[in-house]
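For clarity, every value in this text was computed on a predicted model and none was experimentally measured. Values below: all heavy atoms of this structure, side chains included; hydrogens, waters and symmetry mates excluded.
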Amino acid sequence: MKKSWEQIHQELSAPFSHEDVEWKIQTVSKDKSRGLAVAYVTARAIQNRLDAVVGAQNWKPVFRQWHTVTDRDGNPIPSQLCTIQIFDDERHEWMEKTDGAENTDYEPVKGGLSDAMKRAASQWGIGRYLYKLGTPWVDVEFFGKTAVIAKKEMPGLNQFHDDFVAKLKEPMPGSRSKPSQQERQRSETSSQCNAASGNGTTANGPAKPKISIADTPRYTIRKAVPHRFKSGVMTIMDIECENGDVFTVFCDKPDEALRAGTVLTNLRVIQRPGKDDPNRRFNTLESYRVASAA
């Protein structure tokens with residue numbers, strides 16, 4: 001591995017094609033007709049990215065048990081920690097970053113290992129941009145008690161991701177980054193085509209309009225009540241979406257802005273087992289941005 005760590009981080013953090021991104025439902029509306037969709041990178045895409053950037057022989061995942069909760073029958077369910085190690089040629093040692101995840105409801109151990117790896121990969125920057133991606137509401141279908149995204153929603157979700165990536169790649173205002181040789185060649189070819197066919201056109205006809213990027217969804221806190229549990233104080237909030245759907249989340253982070261009337265964006269909601277009752281799962285507000293405080 002002869003790359004600088006700065007180059008490695010840049011290449012690991014690059015956005016993925018939507019083919020490498022999957023979506024799952026985080027929480028459903030009270031009428032169970034719609035759900036919040038959250039994007040994540042597949043474990044296979046993470047492996048391929050590491051192989052391509054640092055070489056298959058220069059990285060490895062290490063898994064170990066984190067902590068144990070019990071199911072309704074009292075059976076122990078271990079949670080997983082994943083450490084992704086990357087070898088540093090100059091220092092001749094393995095550099096590592098670790099994160100963990102609870103086991104999942106479906107294929108618990110396999111799902112827990114996969115989620116732990118995704119979180120550890122995010123520590124290296126892989127797929128981290130998805131934390132800034134919005135969580136749109138979509139129609140859901142049920143298979144037993146499990147809510148899944150309706151197939152008709154997938155083209156829209158793929159476009160939602162691609163629009164966001166296109167926006168990320170736009171140059172910052174005032175920036176004057178030096179174009180690469182490929183970009184210069186494309187620019188020269190485009191100029192030649194425009195000169196031959198007229199302004200505002202390409203060799204194949206009129207230029208396509210620039211894709212418009214949808215605004216990030218906004219969520220309004222309708223009720224926020226602090227509640228003391230055995231494990232500490234949490235804020236219980238009813239949050240209303242732009243389409244009128246309301247869902248409940250718990251937040252253990254002290255923030256005076258989390259009160260009725262505050263508008264949030266970039267919500268990241270995770271279902272976690274309760275600290276006082278591991279057999280129950282709750283919607284936990286993991287991250288957010290305050291758009292306007294009440």
For the hydrophobic clusters of this structure (ILVMFWY residues joined by side-chain heavy atoms under 4.5 Å, transitively), does one cluster hold both [X] and [Y]?
| X | Y | result |
| --- | --- | --- |
| L168 | L157 | yes |
| L258 | V263 | no |
| L285 | V225 | no |
| F250 | V38 | no |
| I221 | F247 | yes |

How close do [X] and [Y] get, counting heavy atoms only, and between which atoms?
| X | Y | answer |
| --- | --- | --- |
| R49 | P15 | NH2-O, 3.6 Å |
| M237 | C251 | CE-CB, 3.8 Å |
| Q85 | K60 | OE1-CE, 2.7 Å |
| R34 | D31 | N-OD1, 4.3 Å |
| Q57 | W94 | O-CH2, 4.1 Å |
| A45 | D20 | CB-CB, 3.7 Å |

Hey, are the side chains of [X] and [Y] touching, using non-hydrogen atoms and a 4.5 Å cut-off?
| X | Y | answer |
| --- | --- | --- |
| W124 | I8 | no |
| E11 | V54 | no |
| W59 | V53 | no |
| W23 | V138 | no |
| L50 | I126 | yes |

At what distance, to the nearest 0.5 angstrom, does [atom1] of [X] lie from [atom2] of [Y]?
| X | Y | atom1 | atom2 | answer |
| --- | --- | --- | --- | --- |
| L264 | S292 | CG | OG | 8.5 Å |
| D252 | M234 | CG | CE | 4.5 Å |
| K24 | L36 | NZ | CG | 13.0 Å |
| M154 | H18 | CE | NE2 | 8.5 Å |
| K97 | I84 | NZ | CD1 | 10.5 Å |
| L267 | S287 | CG | OG | 7.5 Å |

Show the numbers, then the answer: is there a side chain to side chain contact (heavy atoms under 4.5 Å, CB included) between K118 and I46?
-> CA-CA 8 Å; K118 294 167 189 174; I46 292 170; 3.8 Å; yes
Take L130 and H161, measure what side chain to side chain contact (heavy atoms under 4.5 Å, CB included) needs, and give me the verdict at the end.
-> CA-CA 9 Å; L130 293 175; H161 170 270; 3.9 Å; yes
Test side chain to side chain contact (heavy atoms under 4.5 Å, CB included) on L12 and I86 and set out the steps.
-> CA-CA 12 Å; L12 289 178; I86 298 178; 4.2 Å; yes
Between the side chains of D51 and Q47, is a donor N or O closer than 3.5 angstrom to an acceptor N or O?
-> no
Are Y40 and S114 linked by a side-chain donor-acceptor pair shorter than 3.5 Å?
-> no
Around Q10, counting heavy atoms of other residues, nucleotides and ligands shown, do more than 12 lie under 6.0 Å from its CD?
-> no
Around E93, counting heavy atoms of other residues, nucleotides and ligands shown, do more than 12 lie under 6.0 Å from its CD?
-> yes
What do the steps show when you test Y219 against T135 for side chain to side chain contact (heavy atoms under 4.5 Å, CB included), and what is the final call?
-> CA-CA 10 Å; Y219 307 88; T135 50; 3.1 Å; yes
I'd like to know if the side chain of [X] reaches the main chain of [Y], judged simply by a donor and an acceptor atom lying under 3.5 Å from each other, with no hydrogens or angles considered.
| X | Y | value |
| --- | --- | --- |
| R222 | E240 | no |
| N58 | F87 | no |
| R128 | S122 | yes |
| R64 | T83 | no |
| E153 | D139 | yes |

Apart from F143 itself, residues in the same hydrophobic cluster as defined by side-chain heavy atoms under 4.5 Å | V148
